[in-house]
Amino acid sequence: MSDGSFEHVPVMPAEVLRYLRPQRGGRFLDATVGGGGHAVLLLEADPAVRVIGLDRDSDAIEAARRRLESYAERVELIEANYRDVGRLETHIAIEDLAGALLDLGVSSHQIETKTRGFSYRPGTPLLMRMGGTTGDREPAGVFLNRASEAELGHVFREYGEERRWRALARQVTRRRMTRPFETSDDLVGALTAVLGRRATEREKARLFQAVRISVNDELSALEEGLGAIRTGLEPGGRLVAISYHSLEDRIVKNAFRDWGRECVCPPGLPECRCRGAPLGRVLTRKPLRPSQEEVDRNPRARSARLRVWEEGPLSGGSGS
């Protein structure tokens with residue numbers, strides 16, 4: 001896809017359909033619509049299905065519009081970040097949802113389109129903005145040239161799980177005094193200097209992931225978006241979240257766990273003053289993983305973890 005085409009092979013499609021149950025009809029939110037791959041599956045499942053598709057990437061919205069053209073009367077596409085779900089009332093009412101989907105992470109299109117600046121391939125500009133060239137976030141190069149050594153260290157440690165975060169932050173601040181960071185080569189060069197050898201693909205991927213997460217404020221957006229999406233579910237409605245690294249998965253797991261508690265009052269209160277009942281239930285005690293057959297067919301699915309929440313009131317059954 002080096003030509004910039006936007007294809008979308010949906011990850012874990014059978015599991016998504018099993019848990020979202022579109023054959024029952026209803027309104028569904030695809031909060032990361034991408035190229036429309038999952039949305040097509042939902043729309044094809046039942047003629048009564050309607051889909052609201054969100055994406056912060058204008059390229060994705062246009063690709064989804066083309067792919068979903070034959071379902072146009074049942075689709076509403078909005079260029080927006082899923083963190084803004086609670087503030088979209090002027091566009092569309094996101095309520096009474098039979099289901100919602102969050103397919104997190106970066107798309108193959110974004111990685112493989114050099115001008116988007118997500119890749120660590122030689123000569124790639126340091127951009128990494130999910131919203132594209134018109135996004136409201138500063139490009140990766142600006143961040144690397146501006147951030148303090150402490151801020152850089154925090155990003156490398158927390159988002160990239162880099163053990164040499166102090167040395168790497170120091171290396172970046174030293175190097176940018178001579179020449180600003182502009183391309184992937186500059187960041188890979190800093191990492192190579194710290195390691196004292198050529199960086200592995202995994203090491204480069206972790207570092208670029210860390211910078212991308214920071215540039216796009218991805219973890220805070222996920223925390224905000226999860227709660228807003230849950231409030232839009234009808235009783236029995238389900239939220240399916242697919243994450244691709246442990247930081248995302250931990251946020252999803254913790255949110256689902258907290259929603260499923262009877263009491264969330266601070267310790268030490270003499271009596272419960274909160275909701276006093278779970279908001280629903282978790283349907284996946286452990287995350288589901290793609291089959292080896294799917295990974296062979298679609299390598300992007302390799303690190304996927306799928307979790308499912310069902311909004312209350314609690315109901316019986318097996319959860320499928």
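Small disclaimer: the values here were computed from a predicted structure and weren't measured. Values below: all heavy atoms of this structure, side chains included; hydrogens, waters and symmetry mates excluded.
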For E161 and R206, what are the C-alpha separation, side-chain angles and deciding distance, and is it a salt bridge (Lys or Arg N to Asp or Glu O under 4.0 Å)?
-> CA-CA 7 Å; E161 301 174 300; R206 281 207 317 262; 5.8 Å; no
Begin with the C-alpha distance, continue with both residues' side-chain angles, and end with the deciding distance and a verdict on salt bridge (Lys or Arg N to Asp or Glu O under 4.0 Å) for E69 and R66.
-> CA-CA 5 Å; E69 185 176 6; R66 292 191 297 271; over 6 Å; no
Kindly indicate, with the supporting measurements, whether the criterion side-chain hydrogen bond (donor to acceptor under 3.5 Å, both in side chains) is fulfilled by T200 and E203.
-> CA-CA 5 Å; T200 66; E203 288 168 332; 3.2 Å; yes
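Shown are L279, L239, I94; of these, the side-chain contact (heavy atoms from CB on, under 4.5 Å) with L233 is made only by L239.
Between R170 and E149, at least one side-chain nitrogen of the basic residue sits less than 4.0 Å from a carboxylate oxygen of the acidic one, meeting the salt-bridge criterion. A salt bridge does not link E15 to R18: none of the charged side-chain nitrogens sits closer than 4.0 Å to a carboxylate oxygen.
Annotation: the span from T173 atom OG1 to L144 atom CG amounts to 11.0 Å, rounded to 0.5 Å. Rounding to the nearest 0.5 Å places CZ of F143 at 10.0 Å from CE of M128. Between atom CG of residue L222 and atom CG of residue N216 there is a gap of 13.0 Å, rounded to the nearest 0.5 Å. Rounding to the nearest 0.5 Å places CH2 of W259 at 13.5 Å from CD of E310.
L102 has its side chain within reach of L226: a pair of non-hydrogen atoms, C-beta onward, lies under 4.5 Å apart. Two residues are said to be in side-chain contact when any heavy atoms from C-beta on lie closer than 4.5 Å; R129 and V215 meet this criterion. Side-chain contact between D103 and Y244: present, with at least one pair of heavy atoms (C-beta onward) separated by less than 4.5 Å. Counting heavy atoms from C-beta outward, L68 and V40 have side chains that approach closer than 4.5 Å. Under the 4.5 Å side-chain criterion, counting only non-hydrogen atoms from C-beta, Y19 is in contact with L283. For the pair L247/R250, a side-chain contact is recorded, criterion being any heavy-atom separation below 4.5 Å from C-beta on.
Panel note: side chain R50, backbone E73; a donor-acceptor pair is recorded below 3.5 Å.
Every pair passing salt bridge (charged side-chain N to carboxylate O under 4.0 Å, His left out) that includes a residue from residues 178-192 is listed here, sequence neighbours excluded: R179-D186. Sorted by first and then second residue, the pairs that involve residues 224-236 and meet side chain to side chain donor-acceptor pair (under 3.5 Å), not counting sequence neighbours, are R83-E224, R230-E311.
Evaluation of the side-chain hydrogen bond (donor to acceptor under 3.5 Å, both in side chains) rule for N145 yields no partner, not counting sequence neighbours.
Between Y159 and H154, the angle of the ring planes goes over 60°, which puts this pair in the perpendicular group of the 30/60° scheme.
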